[in-house]
Number of protein chains: 2
Amino acid sequence: MMISTRGRYALRVMIDLAEHKTDGYIPMKEVAARQEISLKYLERILPVLVKNGLVEGVQGKGGGYRLSRVPEECTVGEILRLTEGNLAPVACLDCNAEVCEKKDTCKTLSMWTEFHRLTNQYFDGITIAELANGKSL
Amino acid sequence: MMISTRGRYALRVMIDLAEHKTDGYIPMKEVAARQEISLKYLERILPVLVKNGLVEGVQGKGGGYRLSRVPEECTVGEILRLTEGNLAPVACLDCNAEVCEKKDTCKTLSMWTEFHRLTNQYFDGITIAELANGKSL
DNA sequence: TATCAACCTACTAAACAAGTAGGAATAGTG
DNA sequence: CACTATTCCTACTTGTTTAGTAGGTTGATA
């Protein structure tokens, strides 16, 4: 019942990119230094955000990353689903998992389903812009 | 971001005890057979429920377990907190964890705190009685 | 051509999950 | 008393996941 460092670091990177937004690209080396996270580890986390169009990476000197959209349009839910795989509390709700054979008689399934819905709704309702601005919830 | 088998099995045991309630004690062997869960594994999960007064265990022939309270007074939240340790989404919110040194400037802490509150509120609002009766949520 | 950056793959150490194994303590029953 | 059925307790095991590290390749700019 935990969000791993992958998801938490991805979030911190996105917030950092929003806060230090310029017209150019920001090298991950700078973000890693500011956030005190291993650069090498961040390099392993970012590709999924690039592939799914949340950030753009440019190689070479003067390169780096920048947000693909304005921070107001980046939701926490989207970032966590990409980096954590899924926000489902039980495997039965994971779309990629095999179907549970007890699902028709399971007394707890609807509870998990509703919690899953609630979780997505909560995190989809928060944007990177709000976090960067320190909006209190 | 998952509830482990410990929590899920504990819940199924509690529901089973509620459904097969008698004036005596129910051997875990029966519950394990009905729920198709390893008896040995359940024996490892139950002590925490006993210690915290959710169920009573009686050893020896004719012994077994029974709920300490009526199912209407057993909440899912209570059971999950005992078996999963804590429902906190990040370590910073775990009371037993060391205090995070970034907590004063952390842009995400309030988001996690609110989610934690929401999670507890959701699961505290569901009782074993409701699950046993198949109340749809 | 040198430098700085993203990108890629393989490896590793530690922790955790999900159980198994083997018995000790306890309480009724013939 | 011996037998049986049950909880209770500790240690072990096996596989997976987490949180990285190592060592490079590719690509852009100056």
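A note on names: the letters A, B, ... follow the listed sequences, proteins ahead of strands, and every chain is numbered from 1.
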Taking only N/O atoms, report every protein-nucleotides 10-14 of chain C pair under 3.5 Å with atom names and distance.
| from | atom 1 | to | atom 2 | distance (Å) |
| --- | --- | --- | --- | --- |
| C:dA10 | N6 | A:R44 | NH1 | 3.3 |

Is there any protein nitrogen or oxygen under 3.5 Å from a nitrogen or oxygen in nucleotides 28-30 of chain D, and what are the pairs?
| from | atom 1 | to | atom 2 | distance (Å) |
| --- | --- | --- | --- | --- |
| D:dA28 | N3 | A:K61 | N | 3.4 |

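Expressed to the nearest 0.5 Å, how far CD of A:E114 lies from OG1 of A:T119 amounts to 9.5 Å. Of the inter-residue distances, the one linking B:L42 atom CG with B:R6 atom CZ reads 11.0 Å to the nearest 0.5 angstrom. Taking CZ of B:F115 as the reference point, atom CG of B:N120 lies at 10.0 Å (rounded to 0.5 Å). Once rounded to the nearest 0.5 Å, the distance linking CD of B:E36 with NZ of A:K102 reads 4.5 Å. With values rounded to the nearest 0.5 angstrom, A:L93 atom CG is found 11.5 Å from A:L87 atom CG.
Residue A:L46 contributes atom CG, which lies 10 Å from atom C1' of C:dA6 at whole-angstrom precision. Atoms CD (B:E56) and C1' (D:dT7) sit 14 Å apart, rounded to a whole Å. One atom, CD of B:E30, and another, P of D:dA5, lie 13 Å apart when rounded to the nearest Å. Atom CG of A:L42 is separated from atom C1' of C:dC7 by 14 Å (rounded to the nearest Å). Look at CD1 on A:I3: it is 15 Å from C1' on D:dT17, rounded to the nearest Å. Whole-Å rounding puts the B:K29 NZ to D:dT6 C1' distance at 10 Å. Between the CD1 atom of B:I37 and the P atom of C:dA17 there is a distance of 17 Å, rounded to whole Å. The interatomic distance linking A:Y41 (OH) with C:dC8 (C1') rounds to 17 Å, in whole Å.
Side-chain proximity of A:V50 to the nucleotides C:dC7, D:dA19, D:dC8 is greatest for C:dC7.
Contact between the side-chain N/O atoms of B:Y25 and the OP1/OP2 oxygens of C:dT26 is not found at any separation under 4.0 Å. At the phosphate of C:dA18, OP1 or OP2 sits under 4.0 Å from a side-chain N or O atom of B:S4. A close approach under 4.0 Å does occur between a side-chain nitrogen or oxygen of B:Y9 and OP1 or OP2 of C:dG19. In terms of phosphate contacts, B:S38 brings no side-chain nitrogen or oxygen within less than 4.0 Å of OP1 or OP2 of C:dA18. The shortest distance between the side-chain N/O atoms of A:T5 and the OP1/OP2 oxygens of D:dT18 is not below 4.0 Å.
Here the two rings, on A:W112 and B:F123, have centers that are under 6.0 Å apart.
Using a cut-off of 4.0 Å between Lys/Arg side-chain N and Asp/Glu carboxylate O, B:D124 and B:R81 are scored as salt-bridged.
Residue contacts shown for B:P27 are limited to sugar-phosphate atoms, with no base heavy atom under 4.0 Å away.
Residue pairs meeting the side chain to side chain donor-acceptor pair (under 3.5 Å) criterion with at least one partner in residues 43-66 of chain B, sequence neighbours excluded, are B:Y25-B:R66.
Side-chain atoms of A:S4 and A:Y9 include no donor-acceptor pair closer than 3.5 Å.
Across all their heavy atoms, B:M111 and A:I126 have their closest contact at CG-CD1, 3.5 Å.
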